[in-house]
Protein chains: 2
Amino acid sequence: MPTLDEVARLSGVSRATASRALTGDAKVKDETRKRVKAVAESLGYRPNRAARSLASGKSGVIGLVLPTLLLSDDPYGALLIHGLSDAASRRDLGLMLWLTHQEPGSTVREIFSGGIVDGLVVSATALNHRWVEPILDGGIPSVLLGRHPSRPDVHHLRVDNLAGARLVVEHLVSLGHKKIVTITGPLDRVDAVERLQAYRDVMEENGLTVTDDMISESNYTPDGGLAAMARLLPLKPTAVFCGNDQMAFGATEAIRLAGLDVPTDISIVGFDDFPDARSFRPPLTTVGQDIALLSQRAVDRLAELIADPSLPPEDVILPAKFSIRRSTGAPPSQ
Amino acid sequence: MPTLDEVARLSGVSRATASRALTGDAKVKDETRKRVKAVAESLGYRPNRAARSLASGKSGVIGLVLPTLLLSDDPYGALLIHGLSDAASRRDLGLMLWLTHQEPGSTVREIFSGGIVDGLVVSATALNHRWVEPILDGGIPSVLLGRHPSRPDVHHLRVDNLAGARLVVEHLVSLGHKKIVTITGPLDRVDAVERLQAYRDVMEENGLTVTDDMISESNYTPDGGLAAMARLLPLKPTAVFCGNDQMAFGATEAIRLAGLDVPTDISIVGFDDFPDARSFRPPLTTVGQDIALLSQRAVDRLAELIADPSLPPEDVILPAKFSIRRSTGAPPSQ
DNA sequence: TTCTAACGTGAGAGCGCTTCCATTTCAACT
DNA sequence: AGTTGAAATGGAAGCGCTCTCACGTTAGAA
């Protein structure tokens with residue numbers, strides 16, 4: 001494995017110049033740079049990341065911290081990883097990954113504090129995940145995905161849950177539905193709370209009363225959605241707003257099990273617009289987060305932050321995208 | 001950020017001793033070690049990874065190289081990442097991630113050669129992915145997941161496709177099915193070819209003829225499965241062996257669209273046993289890879305390899321796990 | 001021709017750690 | 001008390017790179 005020294009020697013320049021020539025930024029005579037690059041190429045030279053990192057204080061690697069659940073129970077994690085990987089490699093950054101279970105784990109702290117990453121994308125959907133705090137306190141430039149209300153000092157990036165949820169509920173109202181129920185995600189999650197709030201708001205604005213039994217808390221899974229829908233069915237709703245697509249899938253199942261049809265008897269809307277929503281039967285009306293965009297923006301922001309850690313925290317809200325498909329229709333005329 | 005020097009000074013020992021005390025292996029008086037550790041703790045000392053890596057030549061990080069498709073179209077990628085993350089953190093290793101598109105990309109080579117990772121887990125399902133070769137030639141300890149026939153010089157780890165596929169097909173035969181068709185994955189993938197081979201073998205061994213029209217190549221997606229099944233339906237099969245669960249889902253849809261029932265009219269089996277197979281209606285008879293185990297073994301093997309790169313290459317085959325569920329039954333009596 | 005300023009380059013000091021080698025300490029023997 | 005070898009520690013040399021600082025070079029202005 002050739003070192004920079006050898007490249008320098010064979011190019012007839014000093015190590016300093018060789019470094020400058022290869023790094024690209026500083027002033028080096030064009031001819032020199034070309035010569036050095038040629039030598040480096042012919043030697044198959046690759047800079048040693050550790051040495052570079054030690055000398056420069058930058059590792060060229062960013063990290064993603066993701067609750068395990070978001071990867072295993074949900075397409076979200078995979079999509080996010082996909083998006084971040086693309087965005088990072090576009091900027092020539094490496095990507096490290098930490099899946100966090102409930103415990104913060106000494107691991108988490110230790111790894112972070114070693115300068116192994118220049119910055120962190122933290123997906124923190126749960127209000128009270130204990131590992132979030134130590135990470136944010138670690139002094140590493142971080143971008144938080146999803147809102148974490150207790151930390152106004154941190155950079156946020158999130159999709160407009162409230163406006164997004166309003167879109168789908170308003171869509172139901174505009175179709176003429178009056179008896180609209182909702183299945184929420186776990187209410188210790190910010191997004192679940194916000195989506196519920198949007199539901200309440202829209203209902204109230206349209207003079208539709210919401211009683212407690214019209215709200216069924218669940219867990220963002222198909223099975224949970226099925227069970228929740230079963231609880232809701234006796235109310236004879238004509239439409240359901242599900243806190244995510246997964247639960248909408250389960251709810252659809254429950255409706256069919258009851259001998260009813262979607263959307264003839266009951267209209268159903270979800271949230272997320274993950275790939276499955278499109279191929280579902282019937283294709284699901286839902287409102288989506290553009291995760292590729294989210295990832296891109298997260299990395300962009302992080303890069304800025306790494307360049308200048310003193311940047312004031314911002315709370316960036318991305319618009320949600322609404323897709324009307326075939327799971328919604330007018331309420332039965334009866 | 002305190003350095004080792006400070007810890008040493010405050011502990012009244014040399015830097016060398018402090019290093020030994022914290023690293024854990026070498027001989028240090030118990031009392032000294034305790035003292036140093038206490039000081040380090042109170043200072044909130046975290047070793048600088050770059051420095052450690054530069055001095056020791058080890059980064060404490062392993063990498064996963066994964067074709068993008070496996071993460072976006074398939075639960076496999078997510079499960080693998082999950083498993084590897086767990087296994088890695090159990091050994092106190094960091095995990096880096098590279099998703100590869102078709103092009104090898106200078107990126108891939110460059111990043112690998114910098115000593116940023118000590119070893120690589122490479123998921124190489126496609127026969128002819130061009131990025132595989134440069135990686136394996138990079139001289140970094142690597143474990144290949146899935147068979148890559150052209151490289152007997154590399155450590156392999158894979159699930160027994162052949163035996164697994166035999167299990168499900170034999171199950172169909174033992175139920176009395178004669179007219180068994182198959183939907184395969186893309187035949188440039190090793191696993192698809194192997195599963196098809198198992199099908200042919202079992203059929204032949206049981207005196208059942210296979211004609212070309214009984215084999216429909218598809219793409220491992222539900223839509224692909226649906227289309228393939230539609231092509232196969234005119235043959236009036238009583239059972240289908242699908243190259244993966246996803247296609248089995250689609251095939252089931254196609255069968256229902258034709259007014260037939262699973263398993264009354266047609267039995268169906270898949271491959272993979274991803275989480276969805278269990279919750280599918282009807283729950284899918286399938287044969288699974290234990291990805292958690294696979295990951296664990298991959299990391300174990302990689303750790304051995306990092307410790308001693310001269311270890312002779314081995315081809316480890318993990319057994320597949322067979323789960324009989326409700327998508328299979330006896331053929332219609334007619 | 002001489003002065004000045006920009007430009008290009010080299011020398012060398014680290015970055016924070018591990019580890020080899022030399023040295024000291026100490027307990028267990030003669 | 002003296003010897004000895006193992007155990008514990010310190011000194012110091014790097015690991016391969018970046019970057020500051022100082023110096024030499026060149027070209028345009030005086």
Side-chain angles (χ1 to χ4, degrees), chain A residues 1-37 39-40 43-61 94 110-118 306-307, chain B residues 1-37 39-40 43-61 94 110-118 306-307:
Chain A
M1 192 98 312
T3 73
L4 185 58
D5 258 321
E6 304 178 44
V7 175
R9 199 167 338 115
L10 266 73
S11 313
V13 298
S14 74
R15 180 157 27 95
T17 301
S19 170
R20 283 187 282 251
L22 295 174
T23 313
D25 38 308
K27 36 192 138 197
V28 177
K29 204 193 288 181
D30 234 31
E31 180 209 321
T32 313
R33 186 188 301 274
K34 211 169 290 177
R35 185 155 35 95
V36 174
K37 282 198 165 172
V39 172
L43 246 47
Y45 167 75
R46 305 290 168 202
N48 178 308
R49 290 291 204 125
R52 173 175 284 187
S53 167
L54 181 58
S56 71
K58 296 255 166 293
S59 69
V61 175
E110 283 184 21
I111 296 186
F112 289 142
S113 323
I116 196 175
V117 291
D118 294 338
I306 291 170
Chain B
M1 192 98 308
T3 74
L4 185 57
D5 258 322
E6 303 178 43
V7 175
R9 198 166 341 113
L10 266 72
S11 313
V13 299
S14 74
R15 181 155 28 97
T17 301
S19 171
R20 283 187 283 250
L22 295 175
T23 313
D25 37 307
K27 35 193 140 196
V28 177
K29 203 193 289 178
D30 236 30
E31 179 209 320
T32 312
R33 186 187 301 274
K34 211 169 291 176
R35 185 155 34 96
V36 173
K37 282 198 166 173
V39 172
L43 246 49
Y45 167 76
R46 306 290 167 201
N48 178 309
R49 291 289 204 128
R52 172 174 285 186
S53 168
L54 181 57
S56 71
K58 295 255 168 292
S59 69
V61 175
E110 283 185 20
I111 295 187
F112 290 141
S113 323
I116 196 174
V117 291
D118 294 338
I306 291 169

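Atom set for the values below is all heavy atoms of this structure, side chains included, hydrogens, waters and symmetry mates excluded. Below, chains carry the letters A, B, ... as their sequence lines are ordered, and counting in each starts from 1.
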Quiz item: Would you say the side-chain atoms of B/Arg33 pair up with the backbone N or O of B/Ala21, donor to acceptor, closer than 3.5 Å?
Solution: yes

Quiz item: When the C1' atoms of the five terminal pairs at each end define the local axes, what inter-axis angle does the helix from C/dT1-D/dA30 to C/dT30-D/dA1 show, to 10 degrees?
Solution: 50°

Starting at atom [atom1] of [X], determine the distance to atom [atom2] of [N], rounded to an integer number of angstrom.
X	N	atom1	atom2	result
B/Met1	C/dC15	CE	C1'	15 Å
B/Lys58	C/dT18	NZ	C1'	13 Å
B/Leu54	C/dG14	CG	P	17 Å
B/Arg15	C/dT18	CZ	C1'	9 Å
A/Glu31	C/dT9	CD	C1'	13 Å
B/Leu4	C/dT19	CG	C1'	13 Å
B/Arg9	C/dG16	CZ	C1'	13 Å
B/Leu22	C/dC17	CG	C1'	11 Å

Quiz item: 5'-most contact on DNA chain D: B/Ala55 or B/Val28, nearest heavy atom basis?
Solution: B/Val28

Self-check item: Opening and closing nucleotides of DNA chain D in contact with chain A, under 4.0 Å to non-hydrogen atoms
Solution: D/dG16 to D/dT20

Quiz item: Taking OP1 and OP2 of C/dT9, is either one under 4.0 Å from a side-chain nitrogen or oxygen of A/Thr32?
Solution: yes

Quiz item: Looking at B/Thr3, does any N or O in its side chain come under 4.0 Å of the phosphate oxygens OP1/OP2 on C/dC15?
Solution: no

Quiz prompt | Donor-acceptor pair (no angle test) under 3.5 Å: B/Arg20 side chain, C/dT19 base | solution = no

Exercise. Over all heavy atoms of both residues, which pair between B/Val13 and B/Arg35 is shortest? Give the atoms and the distance, please.
Key: CG1-NH1, 4.1 Å

Self-check item: Non-hydrogen atoms of B/Ser59 and B/Ser53 that approach each other most closely
Solution: CA-OG, 3.8 Å

Quiz item: Would a 4.5 Å heavy-atom cut-off, applied to side chains only, mark B/Asn48 and B/Thr3 as touching?
Solution: no

Quiz prompt | Closest to side chain of A/Val13, choosing from C/dC17, C/dG10, C/dG12 | solution = C/dG10

Self-check item: Among C/dC15, C/dA11, C/dT18, the nucleotide that comes nearest once only the side chain of A/Ser14 is considered
Solution: C/dA11

[atom1] of [X] to [atom2] of [Y]: how many Å apart, nearest 0.5 Å?
X	Y	atom1	atom2	answer
B/Arg52	A/Leu54	CZ	CG	13.0 Å
B/Asp5	B/Leu10	CG	CG	11.0 Å
B/Glu6	B/Ser11	CD	OG	11.0 Å
A/Leu4	A/Arg9	CG	CZ	10.5 Å
A/Ile116	B/Arg46	CD1	CZ	13.5 Å

Quiz item: Should B/Val36 and B/Val28 be marked as a side-chain contact (heavy atoms from CB on, under 4.5 Å) after you check the CA-CA gap, both sets of side-chain angles, and the distance that decides it?
Solution: CA-CA 10 Å; B/Val36 173; B/Val28 177; over 6 Å; no

Practice problem: Using a 4.0 Å heavy-atom cut-off across all strands, classify B/Thr23 as base, sugar-phosphate, or nothing. | Solution: sugar-phosphate

Exercise. Scan B/Lys27 against the nucleic acid and name what it touches under 4.0 Å (heavy atoms): base, sugar-phosphate only, or nothing.
Key: base

